[in-house]
Amino acid sequence: MTVKAAAFGYLQQMVKEQAGIVVETDKEYLAESKLSGLAREQGFSTLEPLVDQLRRAPYGELHRRVVEALTTNETSFFRDQLPFETLRTTLIPQLLAKSSRPLTIWCAACSSGQEPYSVAILIKEHFSRIASQTRIIASDVSREMLARTKLGVYTQFEVNRGLSGVLRSRYMMPVNAGWQTKPELRAMVETREINLATAFPPLPQIDILLVRNVLIYFDTPTKQDILTRMHRALGPDGLLFLGGGESTLGFDVGFERCTSENKATWYRRKETK
Ligand SMILES: C[S@@+](CC[C@H](N)C(=O)[O-])C[C@H]1O[C@@H](n2cnc3c(N)ncnc32)[C@H](O)[C@@H]1O
């Protein structure tokens, strides 16, 4: 094995152990590009000495930053549209008709926050009477992403991806770096550091859970374990949204697959024996 392959193997093992993420062997170039800035910051021109430093020290801040750097944070406002449309037209009205209890919505793996803010905007726009009691929990394993979510600052490019001019002027204010979500929107989103690959901290009963475009990074046993714990976190009839390329197919978990006329897909929690 070359030094390079051994260093990459160490990184693969660390990111799997710490965040459940499987980095494929043919993605070595990706690891290199994602970690080159951090390596340079530590005074190294290649990855090997950075890995040597990680190997020598007990797990700490630098290891955590390496794991974070190896995650993929691609996201956008109202990503894929259909889930948001179905929540607006059908699912939230159904939940509100069934119970007067305030809604709790969890965006697990929220990246830089566009997803929880899209949910907050949806609630404000179409269900304004429940906006002040609705709890939106935005979690991620990455502290950097959570700090971005909390701040709610987006570049013009990020805002253009999914937010109309009308919504931008209602819910964002101009700042030096681009746009920031208005304080009333930020007040609706509560950030929490939650690693999906380990036991969840105590959570309120969840009505709607968005865990989109993250299960693809985990292996089958990890997905099974996460879906089982998500089933427990949801209330009766709780709703689960996965990413476009993800499903519960092949997993022994109690979810019923639902689709709407507009082809949105979601999962409804069933009672298990
Ligand atoms: C591709 S983004 C998805 C963002 C958003 N859900 C969406 O669909 O647009 C994946 C996110 O999952 C997070 N992530 C990766 N492993 C995780 C883990 N073990 N626990 C929690 N979040 C994790 C990453 O930090 C990243 O922000």
Side-chain angles (χ1 to χ4, degrees), residues 11-24 27 30-31 34-35 38 59 63-84 86-87 105-122 136-152 154 157-163 189-201 203 206 208-230 233 239-247 264-267:
L11 293 171
Q12 278 177 307
Q13 193 185 338
M14 184 172 77
V15 79
K16 172 77 175 66
E17 275 170 14
Q18 297 300 324
I21 299 169
V22 178
V23 180
E24 308 290 348
K27 295 281 160 48
L30 211 66
K34 286 179 168 188
L35 292 175
L38 192 56
Y59 191 86
H63 299 76
R64 197 185 55 71
R65 287 183 65 199
V66 167
V67 171
E68 286 197 12
L70 288 171
T71 60
T72 301
N73 306 116
E74 164 65 18
T75 190
S76 56
F77 287 99
F78 294 97
R79 185 174 187 176
D80 300 338
Q81 282 186 23
L82 289 182
F84 297 96
T86 309
L87 282 169
I105 302 171
W106 179 19
C107 293
C110 67
S111 189
S112 37
Q114 287 90 326
E115 185 178 78
Y117 285 124
S118 300
V119 174
I121 290 172
L122 177 94
I136 302 172
I137 301 169
S139 72
D140 202 282
V141 72
S142 161
R143 288 186 194 167
E144 189 190 333
M145 289 302 123
L146 289 171
R148 283 209 60 195
T149 300
K150 210 176 171 108
L151 201 61
Y154 301 99
F157 176 73
E158 288 169 322
V159 168
N160 287 349
R161 292 184 68 200
L163 212 55
V189 174
E190 153 189 348
T191 50
R192 290 184 69 172
E193 184 180 332
I194 299 179
N195 181 352
L196 297 176
T198 59
F200 300 152
L203 289 162
I206 308 296
I208 302 170
L209 170 44
L210 292 94
V211 53
R212 303 192 308 149
N213 304 299
V214 64
L215 291 185
I216 36 167
Y217 301 110
F218 302 136
D219 63 13
T220 302
T222 310
K223 281 184 203 166
Q224 169 76 45
D225 177 43
I226 293 173
L227 287 167
T228 305
R229 285 183 283 119
M230 293 200 147
L239 306 172
L240 172 76
F241 283 87
L242 301 178
E246 299 162 331
S247 89
T265 300
W266 68 97
Y267 298 85

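Side chains included, hydrogens not; waters and symmetry mates left out as well; all remaining heavy atoms used. One-based numbering, in listed order, for ligands and for the atoms of each.
Comparing Ala109, Ser111, Pro83, Ala138 by heavy-atom distance to atom 5 (C) of ligand 1, the nearest is Ala109. When the options Thr72, Thr71, Ile226 are ranked by their closest heavy atom to atom 26 (C) of ligand 1, first place goes to Thr72.
The two residues Ser111 and Asp140 come nearest to each other via the heavy atoms N-OD2, 2.9 Å.
Polar contact with ligand 1: absent for Ser142 (N/O pair, distance under 3.5 Å). Not one N or O of Tyr217 is nearer than 3.5 Å to an N or O of ligand 1, by distance alone. Taking distance alone, with nitrogen or oxygen atoms compared against 3.5 Å, Gly20 stays at or beyond that limit from ligand 1. Residue Ser76 has no nitrogen or oxygen atom sitting less than 3.5 Å from a nitrogen or oxygen atom of ligand 1, judged on distance alone. At a 3.5 angstrom cut-off on N or O pairs, Ala19 counts as close to ligand 1.
Looking only at side-chain heavy atoms (C-beta outward), Val22 and Lys16 come within less than 4.5 Å of each other.
Glu246 places a side-chain N or O within 3.5 Å of a backbone atom of Gly243 that can act as its donor or acceptor partner.
For Ser139, the side chain to side chain donor-acceptor pair (under 3.5 Å) partners two or more places apart in sequence, or in a different chain, are Trp106.
Contacts classified as side chain to side chain donor-acceptor pair (under 3.5 Å) and involving residues 192-201 (residues at least two apart or in different chains) are given here: Arg143-Glu193.
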